[in-house]
Each structure stands twice: as structure tokens, then as C-alpha cells.
Amino acid sequence: MEFTISNVHYPKKRKRKGIQGKVVAKFTIDKEGNLKDIGIVKGLEDMYNKEVKRVIQSMPKWKPGFQDGKAVDCSYMLPVMFTLED
């Protein structure tokens, strides 16, 4: 989550319009820890969805899931909130 918070940029044009909301992304972590099959499950406008995908694609490798002592592919859902502070 720290990586996401540090790297997501609020689309400036939308920030001025006061658009807020949540984007939920889903992706697979493969046996080597690479992220693949990145998609948006619940999106806002295209600019927000693209920003979330950009950040996920730039993430370093994750630790893979393990089952019965073996690395396995696993799915993960990541919610990203776009909120304006008062």
C-alpha cells in the first residue's frame, strides 16, 4: 500500500472538478512474483483507471503465494481511493 500511496497521482483536470471515488484493480501474482493480467473491476473515469494500471505496472516484484510448500499463481484485488482533502 505504501508504494501505491507514494506513486498514485490524482489527475489534475479531475482534481479541479472535484471528482472523487474508488478504483478497484485485480491482477495475478505469478510464481516468480511478477504482476500480470492487470484489469479494472470497478472504475471511475478513464484517467483514474489508467493511473491505477500505471502504478501497478511499475510495482516491484511481490512475494508469490504458496500452497503445499510450492509457489503458485494467486489473484489480488487492490482498491485505490481518490479523495480530496479539505
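Both Val52 and Tyr76 sit in one connected hydrophobic cluster of ILVMFWY residues. Membership requires side-chain heavy atoms under 4.5 Å apart, directly or through other members.
Note that NZ of Lys61 and CG of Asp30 are 7.5 Å apart. Values are rounded to the nearest 0.5 Å. Rounding to the nearest 0.5 Å gives a distance of 8.5 Å between CE of Met81 and CG of Leu44. Between Gln20 atom CD and Tyr48 atom OH the span is 8.0 Å, to the nearest 0.5 Å.
Counting non-hydrogen atoms of other residues, nucleotides and ligands closer than 6.0 Å to NZ of Lys22 gives a total of 12 or fewer.
Pairing each heavy atom of His9 with each of Glu51, the nearest pair is N-OE2, 2.7 Å. Between Pro64 and Val72 the shortest heavy-atom distance is CB-O, 4.4 Å. Between Ile56 and Leu35, the closest heavy-atom pair is O-CD1, 3.5 Å. Between Ser58 and Phe3 the shortest heavy-atom distance is O-CZ, 3.5 Å.
Proximity of Thr4 to Met59: side-chain heavy atoms (C-beta onward) are separated by under 4.5 Å at one or more points. Taking the side chain as every heavy atom from C-beta outward, Asp73 and Lys31 approach each other to under 4.5 Å.
A perpendicular orientation is assigned to the rings of Phe27 and Trp62, their planes being inclined by more than 60° (bins at 30° and 60°).
No option in Val41, Ile40, Val8 other than Ile40 meets the side chain to side chain contact (heavy atoms under 4.5 Å, CB included) test with Val23.
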